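Only one structure is covered here, and it is reproduced in the block below.
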Amino acid sequence: MSTPHNEARRSRIRRSMLFVPGANAAMISNAFIYRADALMFDLEDSVILREKDAARRLVYHALQHPLYRDVETIVRVNALDSAFGLDDLEAVVRGGADIVRLPKTDTAQDVVDIETEISRIEAQCGREPGSTGLLAAIESAQGITQAVAIAHASPRLIGIALGAEDYVRDLRTERSPEGVELLFARCSILQAARSAGIQAFDTVYSDANNDAGFLYEAAHIHQLGFDGKSLINPRQIDLLHNLYAPTRKAFNQAQQIVEAAETAALEGRGVVSLNGKMVDSPVIERARLVLSRAALSGIRDE
């Protein structure tokens with residue numbers, strides 16, 4: 001079911017989602033200074049067991065800080081079947097997180113279960129029904145085989161994301177610089193997301209000091225069609241945004257296409273043409289996306 005919440009969430013540009021460890025009070029206190037499209041507070045893998053409760057409190061209070069109101073906030077909670085998952089969910093929904101990231105999503109039922117709990121919490125705390133979005137992270141071979149069902153499991157879903165570290169361990173291999181072992185998973189997630197009309201996000205690049213390697217991987221997932229990427233280092237934000245910025249040639253072409261579409265609409269013509277050629281609606285939508293990215297990232301050199 002389509003709602004204004006769903007449409008707004010799914011159309012938002014999310015090139016970069018920066019992980020912020022939930023137990024790192026110093027980073028939580030000023031992460032809003034980074035120019036990521038979304039900040040992703042983490043209560044799961046980056047937080048050791050004895051710090052889970054403290055991290056949850058830190059994130060709950062950060063979500064209500066005025067300086068975090070101007071940036072999209074995502075929180076990766078612990079799985080619902082863990083000792084911490086439900087407490088995490090209670091805190092972050094009540095705290096006002098824009099989106100909850102569900103880790104280790106293996107089936108559509110995992111999405112349905114967390115949606116049920118989110119709906120209950122929203123009703124109990126007076127938060128507007130449906131205002132909390134969902135992002136499902138797929139991190140296993142089972143999850144990849146169920147990607148289409150997962151992507152269609154809830155209208156709250158803004159996207160699905162690849163979690164590569166657990167996935168390659170499940171495959172009994174390891175990550176390589178070329179990423180050949182991730183190609184099937186990436187294509188599966190992208191196809192599933194597009195079939196559901198939602199976004200697709202790539203995994204983190206774990207070598208924070210290897211800018212060349214990061215750019216190689218980022219260019220690869222950008223060419224595949226991913227909407228964005230999870231990040232672990234603030235330095236990667238500008239590198240990624242520049243990569244997603246259109247070239248001058250692409251910008252000029254997109255501008256001509258959009259102008260032709262607007263002229264056709266004003267004149268009441270159902271067919272859009274440019275330089276004697278018909279322009280289909282998917283091309284027009286792609287051009288609008290290029291202009292949106294240019295407005296955020298500027299225009300890069302060829």
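Small disclaimer: the values here were computed from a predicted structure and weren't measured. Atoms considered below: every heavy atom in the structure, side chains included; atoms not considered: hydrogens, waters and symmetry mates.
- Using a 4.5 Å cut-off between side-chain heavy atoms of Ile, Leu, Val, Met, Phe, Trp and Tyr, Y216 forms no hydrophobic cluster with any other residue.
- Cluster membership check: V290 does not share its hydrophobic cluster with I13, using side-chain heavy-atom separations under 4.5 Å among Ile, Leu, Val, Met, Phe, Trp and Tyr.
- Between D37 and R14 there is no salt bridge, since no side-chain nitrogen of the basic residue lies less than 4.0 Å from a carboxylate oxygen of the acidic one.
- Relative ring orientation between H222 and Y244 is described as perpendicular, the plane-to-plane angle rising above 60° on a 0-90° scale split at 30° and 60°.
- V258 and V272 end up in different hydrophobic clusters when Ile, Leu, Val, Met, Phe, Trp and Tyr side chains are linked at under 4.5 Å.
- Rounding to the nearest 0.5 angstrom, the gap separating the CD1 atom in I144 from the CD atom in E139 is 10.0 Å.
- Separating the CD atom in E262 from the CD1 atom in I284 is a distance of 10.0 Å, to the nearest 0.5 Å.
- Without hydrogens or angle criteria, S273 side chain to M278 main chain gives no donor-acceptor distance under 3.5 Å.
- Side-chain contact between L134 and I118 is present, with at least one heavy-atom pair separated by less than 4.5 Å.
- Residue pairs meeting the salt bridge (charged side-chain N to carboxylate O under 4.0 Å, His left out) criterion with at least one member in residues 231-246, sequence neighbours excluded: R35-D238, D211-R235.
- Residues V148 and V112 fall into different hydrophobic clusters, defined by Ile, Leu, Val, Met, Phe, Trp and Tyr side chains chained together at heavy-atom separations under 4.5 Å.
- Hydrophobic cluster membership for L49: F84 (Ile, Leu, Val, Met, Phe, Trp, Tyr linked by side-chain heavy atoms under 4.5 Å, directly or transitively).
- Of the N and O atoms on the side chains of Y205 and N233, not one donor lies less than 3.5 Å from an acceptor on the other residue.
- Atom NZ of residue K104 and atom CD1 of residue I138 lie 13.5 Å apart, to the nearest 0.5 angstrom.
- Using a 4.0 Å cut-off between charged nitrogen and carboxylate oxygen, R156 and E122 count as a salt-bridge pair.
- For the 3.5 Å distance criterion, the side chains of R12 and Q199 fail to qualify, holding no donor opposite an acceptor.
- Looking at N210, its side chain does come within 3.5 Å of a backbone N or O of G213 through a donor-acceptor pair.
- Using a 4.0 Å cut-off between charged side-chain N and carboxylate O, D207 and R175 make no salt bridge.
- In this structure, the side-chain hydrogen bond (donor to acceptor under 3.5 Å, both in side chains) partners of R169, at least two apart in sequence or on a different chain, are D166.
- Ionic pairing of E51 and R56 is not present here: no N-O contact between side-chain nitrogen and carboxylate oxygen is shorter than 4.0 angstrom.
- Of the N and O atoms on the side chains of Q109 and D113, at least one donor lies less than 3.5 Å from an acceptor on the other residue.
- Across all their heavy atoms, A36 and S16 have their closest contact at CA-OG, 3.4 Å.
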Can you give me every donor-acceptor pair (side chain of residues 176-196, partner residue at least two apart or in another chain, under 3.5 Å) with its distance?
| from | atom 1 | to | atom 2 | distance (Å) |
| --- | --- | --- | --- | --- |
| S176 | OG | G179 | N | 3.1 |
| S176 | OG | E181 | OE1 | 2.7 |
| E181 | OE2 | S176 | N | 3.0 |
| R186 | NE | D202 | OD1 | 2.8 |
| R186 | NH2 | D202 | OD1 | 3.4 |
| R186 | NH2 | D202 | OD2 | 3.1 |
| R186 | NH2 | E217 | OE1 | 3.4 |
| S188 | OG | F184 | O | 2.8 |
| R194 | NH1 | I198 | O | 3.1 |
| R194 | NH1 | D227 | OD2 | 3.0 |
| R194 | NH2 | G225 | O | 2.7 |
| R194 | NH2 | D227 | OD2 | 3.0 |
| S195 | OG | H152 | NE2 | 3.0 |
| S195 | OG | A192 | O | 2.7 |

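- With no hydrogens or angles considered, no side-chain donor-acceptor pair links D170 and S140 at under 3.5 Å.
- Taken from CD1 in I150 to CG in D110, the straight-line distance is 7.0 Å, to the nearest 0.5 Å.
- Annotation: Y68 is in aromatic contact with F41 [ring centroid separation under 6.0 Å].
- With sequence neighbours excluded, no residue forms a salt bridge (Lys or Arg N to Asp or Glu O under 4.0 Å) with R101.
- From L67, atom CG reaches atom OG of S29 across 11.0 Å, with rounding to the nearest 0.5 Å.
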